[in-house]
Amino acid sequence: MLKLMILNGPNLNLLGTREPDQYGHETLADVESMCREAAVAYDYEVDFRQSNHEGVLVDWIHEAGQLLKRGELAGIVFNPGAYTHTSIALHDAIKGTNVPVIEVHISNVHNREAFRHHSYISPAAAGIVVGMGVYGYVLGIHGLAHKLG
Ligand code: DQA
């Protein structure tokens, strides 16, 4: 059984109450349930995590890299939150481990403030899902499985 890491960056623990017009009413626990349900089709073991700390996210990507090396990981579905727009460290972690990452954004970052239009993650990502609400996580899982064939 391959592992699937689903990583969430800063402020995503506030889902459900945070700017519902942008992010909807589902909580992060709801997102986790949706992901677990979607992953069954591929027999992935879901490891679902959230951190408000950039270095913790870097460490988790490194951990995923070790699993990948051992043939135990499918990849990562990753919503880096605001670190998307600032973090060269997360970009480097993905590049440095070669982990297949599907970048997910709940909101359409391209119809929001200009500072959300640039992503440091996208050039290192295997695929991107933007603006599909929390269903984007499910699309990310299907997309990753499809890419891995
Ligand atoms: C987000 C978009 C980011 O710009 C923002 O900082 C977030 C959430 C999204 O899921 O739409 O925290 O990644």
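As a basis for the values below, the full set of heavy atoms in this structure was taken, side chains included, without hydrogen atoms, waters or symmetry mates. In each ligand, atom 1 is the first atom listed, and ligand 1 is the first ligand listed. The residues of the chain are indexed from 1 along the displayed sequence.
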Within the distance-only criterion (no hydrogens, no angle test), does the side chain of Tyr83 pair as donor or acceptor with the backbone N or O of Asn52 below 3.5 angstrom? yes
Do any heavy atoms of His85 fall under 4.0 Å from ligand 1? yes
With a 4.0 Å cut-off on heavy atoms, is Tyr83 in contact with ligand 1? no
For Glu37, I'd like to know if atom CD has over 12 heavy atoms of other residues, nucleotides or ligands within 6.0 Å. no
Give a yes or no answer on whether the side chain of Thr17 reaches the backbone of Leu14 with a donor-acceptor pair at less than 3.5 Å. yes
Note: Glu45-Arg36 ion pair, threshold 4.0 Å (strictly below): no
min-distance protein heavy atom vs atom 11 (O) of ligand 1 -> Ser107 OG, 2.6 Å
Is atom CE of Met132 surrounded by more than 12 heavy atoms (other residues, nucleotides or ligands) closer than 6.0 Å? no
So which protein heavy atom does atom 1 (C) of ligand 1 come closest to, and at what separation? His105 ND1, 3.7 Å
Specify whether His142 and Tyr42 have parallel, tilted or perpendicular ring planes, treating 30° as the upper limit for parallel and 60° as the lower limit for perpendicular. perpendicular
Indicate yes or no for a side-chain donor-acceptor contact from Lys3 to the backbone of Tyr44 under 3.5 Å, with no hydrogens or angles considered. no
Nearest non-hydrogen protein atom to atom 9 (C) of ligand 1, with distance, is Ile106 N, 3.3 Å
For Arg18 and ligand 1, answer yes if some heavy atom of the residue is under 4.0 Å from a ligand atom, otherwise no. yes
Tyr23 heavy atoms within 4.0 Å reach ligand 1 at atoms 5 (C), 7 (C), 8 (C), 9 (C), 11 (O)
Check for me whether Val109 has a heavy atom closer than 4.0 Å to any atom of ligand 1. yes
In terms of residue, atom name and distance, what is the protein heavy atom nearest to atom 5 (C) of ligand 1? Arg116 NH1, 3.3 Å
